[in-house]
Amino acid sequence: MNYRTLGRTGLSVSEIGFGCGNVGGLMVSGGHEEQLQAVRRALELGINYFDTAAAYGDGKSEIHLGRVLKKVGSEITLATKIRLGPEALSDLKAATIASVEAGLERLQRNSADLIQLHTRVALKRGGGRFLLTPAEVLGPAGVIEGFKSLRDKGRVRFFGFSGLGEPDVLHLLIDSGEFHSVQVYYNLLNPSSGHPVPKDFSAANYGGLMNRAAAKGMGAVVIRVVAAGALTGRPEAGGGKGRGEALSLGSDYAIDVERASHLGFLTDGDIKSLGQAAIRFALMKPEVSTVLVGFSDMEQIQEAADCSGAGGLSEDNITRLKRLWGTDFGRL
């Protein structure tokens, strides 16, 4: 396993991160012994970055991960997330603190290395989903002040956010200098966080978000690297929990499966599966700190770990990919 530095935090994290969310779902719905075996195997393979959230299984992921970590007793880099709702608006700082404290209790931990805001951000609310505005995140009584209070108490070390929501606002949060990391939506089907795409690209255009974050000294944590299973080469078995609603605009599961059907040329040479191609593609970006992979079984853990240090895609295949992005997979 190779390791990279998580931005200016100085934390050394494994190139492959253990995603404890709904995609893959092992830490949400698996049995305790299965979870214990999986975490032990991941640790043996050198994986030291574990990412969970209060929203995963309504707290089950944090509870299950906490139980397992108590048994294995290994030192890891632990990241978790909070998702705030409308009830938090009366006192965002207090709600932030209470949410983090509840997560630490579920995890049976005194502290977390990284706390991340899971709530999406926008210039103003609307569209049926609760959103936070930049002022509510960065203001004098907002989320960031709650994070700082927790840091002062030794409950968290560093701050991050999920890079979902309106791209312009995500860039604004990066430019604030208040955060140490960002979770970046980045994969073979939507590379816009790290590579240019056409103006009329049908998926969300994140406008080089990863590059901007790296320039600010922030770590970049890649999420949805296999697009909820669409990039596994066997999408019907890709752990597509969370397929019902697109995590990123224009990346509906059925559309992503169709886009992925153009990528069979990537499974050549020592790249045995489309999933491996997806992970190795993400690792080609030096700005990437770690790639989160959601696991459902031991085989997937091994397959992902094998990508670390294995090298990237060939120049010819990158050229073919850029042609596909340039035509929005044949739509333009």
Side-chain angles (χ1 to χ4, degrees), residues 17 19-25 27-29 50-66 78-107 109 111-139 141-151 155-156 158-167 169-170 172-173 178-185 204 221 223-224 228 241-249 251 292 294:
C20 301
N22 295 317
V23 175
M27 297 307 294
V28 173
S29 55
F50 289 74
D51 176 271
T52 183
Y56 298 157
D58 293 325
K60 288 181 181 178
S61 174
E62 288 181 321
I63 291 170
H64 296 160
L65 181 60
L78 175 64
T80 190
K81 298 182 283 293
I82 61 166
R83 180 171 289 167
L84 302 174
E87 69 285 349
L89 291 176
S90 60
D91 192 337
L92 276 166
K93 179 179 177 180
T96 296
I97 293 169
S99 296
V100 175
E101 294 286 4
L104 290 174
E105 184 175 351
R106 286 189 293 269
L107 284 159
R109 306 279 288 199
S111 65
D113 295 291
L114 180 66
I115 186 64
Q116 301 159 104
L117 178 65
H118 214 179
T119 312
R120 299 189 190 208
V121 292
L123 283 177
K124 59 182 180 179
R125 274 185 279 281
R129 177 198 291 275
F130 179 70
L131 304 161
L132 286 173
T133 66
E136 290 163 346
V137 176
L138 301 171
V143 173
I144 200 70
E145 290 305 311
F147 285 171
K148 288 178 178 179
S149 177
L150 289 157
R151 179 185 61 190
R155 302 292 268 167
V156 301
F158 304 107
F159 321 142
F161 66 94
S162 291
L164 299 168
E166 294 178 359
V169 179
L170 299 175
L172 190 154
L173 294 190
E178 295 284 9
F179 291 94
H180 304 95
S181 71
V182 58
Q183 288 196 324
V184 180
Y185 191 99
V221 178
I223 58 174
R224 290 296 172 100
K241 296 170 184 173
R243 292 175 184 173
E245 180 183 5
L247 189 69
S248 178
L249 291 177
S251 294
L292 285 184

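Side-chain atoms are counted along with the backbone in the values below, which use heavy atoms only and exclude waters and symmetry mates.
Between Leu173 and Val121 the shortest side-chain heavy-atom distance falls below 4.5 Å. Counting only heavy atoms from C-beta outward, the side chains of Ile223 and Ser162 never approach each other to under 4.5 Å. Between Arg155 and Leu104 the shortest side-chain heavy-atom distance falls below 4.5 Å. The shortest distance between side-chain heavy atoms of Thr52 and Leu107 falls below 4.5 Å. Side-chain atoms of Phe179 and Val137, non-hydrogen and from C-beta on, do get closer than 4.5 Å to each other.
To the nearest 0.5 Å, atoms CG (Leu249) and CD (Glu166) are separated by 9.5 Å. With rounding to the nearest 0.5 Å, the separation of CZ in Phe147 from CD in Gln116 is 8.5 Å. Leu164 contributes atom CG, which lies 8.5 Å from atom OH of Tyr185 (distance to the nearest 0.5 angstrom). Rounded to the nearest 0.5 Å, atoms CG (Leu117) and OG1 (Thr96) are 7.5 Å apart.
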If you look only at distance, which donor and acceptor atoms sit under 3.5 Å apart when one is on a side chain in residues 83-93 and the other is two or more places apart or in another chain?
residue : atom : partner : partner atom : Å
Arg83   : NH2  : His118  : NE2          : 3.4
Asp91   : OD1  : Ala94   : N            : 3.1

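Partners of Thr119 under the side-chain hydrogen bond (donor to acceptor under 3.5 Å, both in side chains) rule, at least two apart in sequence or in another chain, do not exist in this structure. A search for side-chain hydrogen bond (donor to acceptor under 3.5 Å, both in side chains) contacts involving Lys148 returns Glu178, not counting sequence neighbours. Shown here are the side-chain hydrogen bond (donor to acceptor under 3.5 Å, both in side chains) partners of Thr80, two or more places apart in sequence or in another chain: Glu62. Residues passing the side chain to side chain contact (heavy atoms under 4.5 Å, CB included) test with Pro134, sequence neighbours excluded: Leu123, Val169, Leu172. Take Glu145 and apply the side-chain hydrogen bond (donor to acceptor under 3.5 Å, both in side chains) test, not counting sequence neighbours, and it matches no residue.
In this structure, Lys81 contributes its side chain and Ala54 its backbone to no donor-acceptor pair below 3.5 Å. Put simply, the side chain of Asp113 never gets that close to the backbone of Ala79: no donor and acceptor are under 3.5 Å apart. A donor-acceptor contact shorter than 3.5 Å links the side chain of His180 to the backbone of Phe159. With hydrogens and angles disregarded, a donor-acceptor distance shorter than 3.5 Å links the side chain of Ser61 to the backbone of Cys20.
Checked against Leu78 for a side-chain contact (heavy atoms from CB on, under 4.5 Å), the options Leu65, Ile115, Asp51 give a single hit: Leu65.
For the pair Val143 and Leu132, the tightest heavy-atom approach, listed with the atom from each and the gap, is CG2-CD1, 4.1 Å. The nearest pair of heavy atoms linking Tyr56 to Gly21 is CD1-CA, 3.3 Å. Residues Ser149 and Ile97 share a closest heavy-atom pair of OG-CD1, 3.8 Å.
The 12-atom threshold is not exceeded at CD of Glu105, counting heavy atoms of other residues, nucleotides or ligands nearer than 6.0 Å. The number of heavy atoms from other shown groups lying within 6.0 Å of CG (Leu131) is above 12.
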